[in-house]
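Along the sequence shown, the residues carry numbers beginning at 1. Because the structure is predicted, anything quoted here is derived from the model rather than measured.
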Amino acid sequence: MEEIKKCVKQAKVILSKELGVMDVSGLIIAATEPELEDTVDMSARAVLKTADLFSCTSDKTYMKVIVGDQTKYIAYIEGTDTQTRTYLELIAEWIKTASKAKGTDAERQMFTKNVLLENELPGDIPLKAREYGIECNVPRLVLVARTSKERGADALEILQNFYPDETVASIFAMDESTTIIVMNAKDAVLNEDTKNEFIRATSQSVVDCLGNESISVYVGVGSFVASYQYLAKSYRDAMLALRVGKVFGKNSYVSRYDMLGLGRLIYQLPATLCHMFIEEVFPSEAYATLDEDTLDTIDCFFKNNLNGSETARELYVHRNTLVYRLDKVKKNTGLDLRSFDDAVLFKMASMVRTYLEYLDSGKDGNQIR
């Protein structure tokens, strides 16, 4: 950002024309008239919509500044004649050179990776972020998208095309199967409703846009952080959500850190303690005596908040059949699921058992489910 302002300042000395540079949202980041900086030029939207490199109004010429394969900035200059357009082309090339000299896409991504992995000193982050044109004091949210290694590169390209504007989201690969999405959440932290809707819409968009290309993806959603300095926390939370979701949310493509429930607690318990708990609740492998129909009945009974009538209706069975199956559970395990305390104990024990099965399987944490 500072390099671009230097370019505009030097151009002012050479040219006696009003000129400036804005980002893709229309926010003027550098101008020969300082009072215009941090204001919005509403022409930006029209400039971006057109396929042409140049656009003109009655008194100004605009030019897209393309770095790599993306429009990063829009430069403008007073006047619409041919010579003015030539000036604008030279200024655009000047800006490109300055942008590449300080903070290419690859350098910004590496910096962000280091922030996520806590390889940067907290006190240095704001200063370095400014060098790379990253606004520090904006709320952000990290999402981790896990695909198969074979489709990882495809997923990265699709998501980068889906979020072409870096002021909205920064997309990069952490490894062959993991894509990181750092979302600008400035408008999402007004209240809990807007937060929930932002998470729902964003995570579902990721699942849908990759699903449309036949790519299976599992998304871990971190926590909102108020500053770029704390981005590592959101990343850690997103990774924990992904791992916990892999164990306890096998039928869910999205795992949210703020909705992990008991899974968060169980995942952090030592295996020895889990084995002791299972032996206490399900002695002599009592759980293993339950058949598939009974386990499906239990899942449905919990889903319907221990409501027998709703469970029987959903399973298309007579209420007496449901009672028979619940009695069978009580006989085999000693737990009556119609009792709230027993139901809670059974639920916790079954989740602990699932966690132990996951540990025994020895699955690689980087593998897609």
Side-chain angles (χ1 to χ4, degrees), residues 1-112 129-136 138 157-172 184 186-187:
M1 203 74 69
E2 293 301 320
E3 294 299 316
I4 293 175
K5 287 184 177 182
K6 287 180 184 177
C7 290
V8 172
K9 187 176 181 180
Q10 291 172 4
K12 182 179 180 179
V13 177
I14 301 170
L15 301 173
S16 58
K17 286 177 176 287
E18 176 190 341
L19 59 93
V21 181
M22 66 186 83
D23 62 21
V24 291
S25 69
L27 181 69
I28 298 176
I29 57 178
T32 51
E33 289 70 29
E35 65 274 9
L36 292 179
E37 292 184 4
D38 296 324
T39 62
V40 176
D41 188 331
M42 301 307 293
S43 301
R45 183 175 298 179
V47 173
L48 289 173
K49 282 185 176 180
T50 179
D52 297 329
L53 191 62
F54 293 93
S55 301
C56 293
T57 61
S58 59
D59 61 341
K60 289 180 183 177
T61 301
Y62 295 84
M63 179 182 177
K64 298 174 185 175
V65 180
I66 300 173
V67 180
D69 57 354
Q70 294 183 340
T71 300
K72 297 292 186 182
Y73 307 103
I74 300 171
Y76 68 86
I77 190 170
E78 178 187 3
T80 58
D81 56 88
T82 303
Q83 188 178 35
T84 298
R85 179 175 290 196
T86 302
Y87 290 153
L88 189 58
E89 286 185 275
L90 292 173
I91 291 168
E93 289 300 320
W94 198 353
I95 291 169
K96 287 181 186 179
T97 302
S99 298
K100 290 177 180 178
K102 278 272 187 179
T104 62
D105 287 345
E107 289 172 333
R108 276 195 298 273
Q109 288 178 9
M110 183 56 67
F111 170 63
T112 303
R130 182 180 297 179
E131 291 180 10
Y132 290 111
I134 299 171
E135 190 174 352
C136 222
V138 172
E157 182 179 359
I158 291 167
L159 289 173
Q160 285 178 333
N161 290 332
F162 190 74
Y163 292 109
D165 185 354
E166 284 195 4
T167 63
V168 175
S170 178
I171 315 292
F172 56 90
N184 181 327
K186 184 177 182 180
D187 299 326

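- Summarising the geometry, atom CD belonging to Gln10 is positioned 13.0 Å from atom NZ belonging to Lys12; distances are rounded to the nearest 0.5 Å.
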Side-chain donor-acceptor contacts of residues 15-27 below 3.5 Å, not counting sequence neighbours, with atom names and distances?
residue	atom	partner	partner atom	Å
Lys17	NZ	Glu78	O	3.4
Lys17	NZ	Thr84	OG1	3.4
Glu18	OE2	Lys60	NZ	3.4
Asp23	OD1	Ser25	N	3.0
Asp23	OD1	Ser25	OG	2.6
Asp23	OD1	Gly26	N	3.2
Asp23	OD1	Leu27	N	3.0
Asp23	OD2	Ser25	OG	3.4

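- Tyr163 meets the side chain to side chain donor-acceptor pair (under 3.5 Å) test with no other residue; sequence neighbours excluded.
- The salt bridge (Lys or Arg N to Asp or Glu O under 4.0 Å) pairs that include a residue from residues 80-89 number zero, where partners must be two or more places apart or lie in different chains.
- Rounded to the nearest 0.5 angstrom, Leu48 CG and Thr71 OG1 are separated by 6.5 Å.
- Environment of CZ in Phe172: crowded, with over 12 heavy atoms of neighbouring residues, nucleotides or ligands closer than 6.0 Å.
- Residues satisfying the side chain to side chain donor-acceptor pair (under 3.5 Å) criterion with Thr39, sequence neighbours excluded, are absent altogether.
- In this structure, Ile95 and Ala75 approach most closely via the heavy-atom pair CD1-CB, 4.4 Å.
- Here the shortest heavy-atom pairing between Ile28 and Ala31 reads CG2-CB, 3.9 Å.
- Annotation: side chain to side chain donor-acceptor pair (under 3.5 Å) contacts of Asp52 (sequence neighbours excluded): none.
- Side-chain contact between Asp41 and Tyr62 is present, with at least one heavy-atom pair separated by less than 4.5 Å.
- Using a distance-only test at 3.5 Å, with no hydrogens or angles considered, a donor-acceptor pair links the side chain of Thr61 to the main chain of Gly79.
- The two residues Gln109 and Ile171 have their closest heavy-atom pair at NE2-O, 3.7 Å.
- Scanning for side chain to side chain donor-acceptor pair (under 3.5 Å) contacts around Thr112 gives Tyr228, with sequence neighbours left out.
- For Glu33, the CD atom sits in a packed shell: over 12 heavy atoms of surrounding residues, nucleotides or ligands are nearer than 6.0 Å.
- Formation of a donor-acceptor pair under 3.5 Å by the Thr86 side chain with backbone atoms of Thr82 is found in this model.
- Note that the CD atom of Glu135 and the OG1 atom of Thr167 stand 10.0 Å from one another [nearest 0.5 Å].
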Please lay out, stage by stage, how Val138 and Lys186 fare under the test side-chain contact (heavy atoms from CB on, under 4.5 Å). CA-CA 6 Å; Val138 172; Lys186 184 177 182 180; 4.1 Å; yes
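- Here the straight-line distance linking atom CD1 of Ile74 with atom CZ of Arg45 works out to 11.5 Å at 0.5 Å rounding.
- Val47 approaches Lys64 most closely through the heavy-atom pair O-CE, 3.0 Å.
- Taking each heavy atom of Lys96 and Val65 in turn, the nearest pair found is CG-CG1, 3.7 Å.
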